[in-house]
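Read the structure below first, then the notes.
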Number of protein chains: 2
Amino acid sequence: MVTDKRTHIMERAIELFAEKGFEGASVRDLATQADVNIAMVNYYFGTKEGLFQQIVETRMATTRDKIEEIAANKTLSEIEKVDLIIELYVEGFLSQPGFHKMIQQEMLVTKREGMHEKLINTFIQNTNNFNSIIEKGIRKKVFTKVDAPLVFATIIGTVNQILKSKIVCNVFAGYNKNYDPYKDEQFKKRLITHIKQLIHSHLLNK
Amino acid sequence: MVTDKRTHIMERAIELFAEKGFEGASVRDLATQADVNIAMVNYYFGTKEGLFQQIVETRMATTRDKIEEIAANKTLSEIEKVDLIIELYVEGFLSQPGFHKMIQQEMLVTKREGMHEKLINTFIQNTNNFNSIIEKGIRKKVFTKVDAPLVFATIIGTVNQILKSKIVCNVFAGYNKNYDPYKDEQFKKRLITHIKQLIHSHLLNK
DNA sequence: TTGAATTAAACAAACGTTTAATTAATTTTT
DNA sequence: AAAAATTAATTAAACGTTTGTTTAATTCAA
């Protein structure tokens with residue numbers, strides 16, 4: 001039950017950090033939400049920042065490894081790889097909206113330098129892996145000569161933009177305020193379709 | 001000299017808010033950066049949140065009005081309007097990176113509900129104006145049947161992604177760490193070209 | 001002389017963290 | 001297997017700082 005409590009605190013913390021930001025979410029708030037004593041946060045994670053780092057380190061490695069795996073795969077074509085990465089980001093972001101909101105905020109803020117740099121470095125790795133796929137496609141002449149890193153920025157940026165607010169997202173989806181688009185399989189497909197069509201016509205345009 | 005001091009505080013506050021977030025930037029910090037007494041912030045803006053709101057209200061109306069103007073224009077074609085909006089966002093974002101970082105953070109955070117809703121509403125207005133352009137283009141059969149609100153999300157999202165960190169941006173641009181891509185005219189052109197090509201092949205694809 | 005601008009000092013409240021005491025669980029010894 | 005000893009988990013209370021804001025006095029300009 002020890003690790004259960006640890007992960008429980010982390011899970012509740014993700015939602016609070018996403019909602020209020022790192023500074024905006026107080027330790028007392030975190031403890032109340034997780035239904036534990038205030039001192040438990042420091043007991044398990046040392047500091048508030050330690051808790052944040054634990055969350056990031058645990059969850060961010062997954063996406064990075066998956067992208068690395070896709071990039072290194074030798075049986076997939078370049079366009080198949082691009083499609084897989086699009087699906088990976090949409091599914092990952094929509095299934096863990098809180099976590100990715102957290103990350104987005106921290107990428108904007110340069111206050112906690114160590115944390116910020118760690119995020120940037122992982123992101124740069126992902127960019128490089130994506131670039132290598134695109135560049136190979138261009139060399140093979142299956143892709144047009146596109147601006148690879150900016151194509152990556154478009155994919156991530158589009159999903160991030162959707163993630164920015166559920167309300168805005170509802171306007172996009174045209175549904176009512178109580179409906180949760182992140183949990184809707186149809187909305188997910190719609191987003192994937194949009195990005196794929198967009199990127200395909202850009203990459204494969206003659 | 002009164003308004004000068006007011007705007008001076010606002011200008012310095014934008015940079016601090018962008019760098020550290022709303023909660024992360026303390027009033028003492030703001031006062032020190034603007035080289036004024038701590039009490040002056042409350043004297044001019046009532047509260048810290050009042051300062052934030054003043055900044056947002058002053059600057060955000062400009063973009064909204066420009067988009068409305070473009071959408072209402074009767075001499076421009078639909079594709080010309082789309083191009084103008086792309087240029088508007090890239091130029092606006094790159095010339096005022098601090099302000100737009102601030103906005104991005106506040107759109108992610110739902111703590112200050114009033115502020116958040118105001119941002120969302122303005123954004124929804126912009127989305128609707130953009131949609132009406134796209135829908136007209138589709139009706140005229142000069143555009144393919146695209147997902148208009150998601151196309152808008154792609155444009156904004158791409159620029160926002162670029163804005164997320166100067167370091168990441170430098171990796172995109174392939175330059176050294178001291179170079180400031182936001183001030184580089186060539187990088188701006190590169191970004192505009194990428195988005196235009198991307199959106200064009202998506203909208204005009206047969 | 002009147003009102004605005006500016007200041008240093010103080011305010012209570014909230015912050016992250018630590019402490020010291022207590023309970024619960026585990027291990028060691030009998 | 002029971003008792004004792006040891007470690008881990010949990011708690012309420014307090015720690016010193018920092019927070020945003022206010023006050024009351026002072027300087028400045030009209």
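Numbers restart at 1 for each chain; the letters A, B, ... are given by sequence-line order, proteins then strands. Side-chain atoms are counted along with the backbone in the values below, which use heavy atoms only and exclude waters and symmetry mates. Here the structure is a predicted model, which means the values were calculated and not measured.
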Please set out all donor-acceptor pairs under 3.5 angstrom arising from side-chain atoms of residues 21-34 of chain A, sequence neighbours excluded.
residue, atom, partner, partner atom, Å
Glu23(A), OE2, Arg112(A), NH1, 2.3
Glu23(A), OE2, Arg112(A), NH2, 3.4
Ser26(A), OG, Asp29(A), N, 3.0
Asp29(A), OD2, Lys20(A), NZ, 2.8
Thr32(A), OG1, Arg28(A), O, 2.7
Gln33(A), OE1, Arg12(A), NH2, 3.1

Between His202(A) and His200(B), is the ring centre distance below 6.0 Å? no
Assert yes or no for the condition that the ring centre distance of Phe152(B) to Phe123(B) is strictly below 6.0 Å. yes
So, is [X] near the phosphate of [N], with a side-chain N or O under 4.0 Å from OP1 or OP2?
X: Tyr44(A); N: dT10(D); result: yes
X: Asn42(A); N: dT17(C); result: yes
X: Tyr43(A); N: dT17(C); result: no

Can you check the [X] [atom1] to [N] [atom2] distance for me, whole Å?
X: Ile38(B); N: dA5(C); atom1: CD1; atom2: C1'; result: 16 Å
X: His8(B); N: dT6(C); atom1: NE2; atom2: C1'; result: 15 Å
X: Lys48(B); N: dT18(D); atom1: NZ; atom2: P; result: 15 Å
X: Lys5(B); N: dA4(C); atom1: NZ; atom2: P; result: 17 Å

Please give me every residue in residues 21-33 of chain B whose heavy atoms get under 4.0 Å of an atom in DNA chain D, ordered by residue number. Ala25(B), Ser26(B), Val27(B), Arg28(B)
Determine, for Glu19(A) against Lys111(B), whether the closest basic-nitrogen to carboxylate-oxygen distance falls under 4.0 angstrom. no
Taking the side chain of Thr47(B) as heavy atoms from C-beta outward, which of dT6(C), dT21(D), dT11(D) is closest to it? dT21(D)
What nucleotide, of dT10(D), dT6(C), dT19(C), holds the atom closest to the side chain of Ala39(A)? dT19(C)
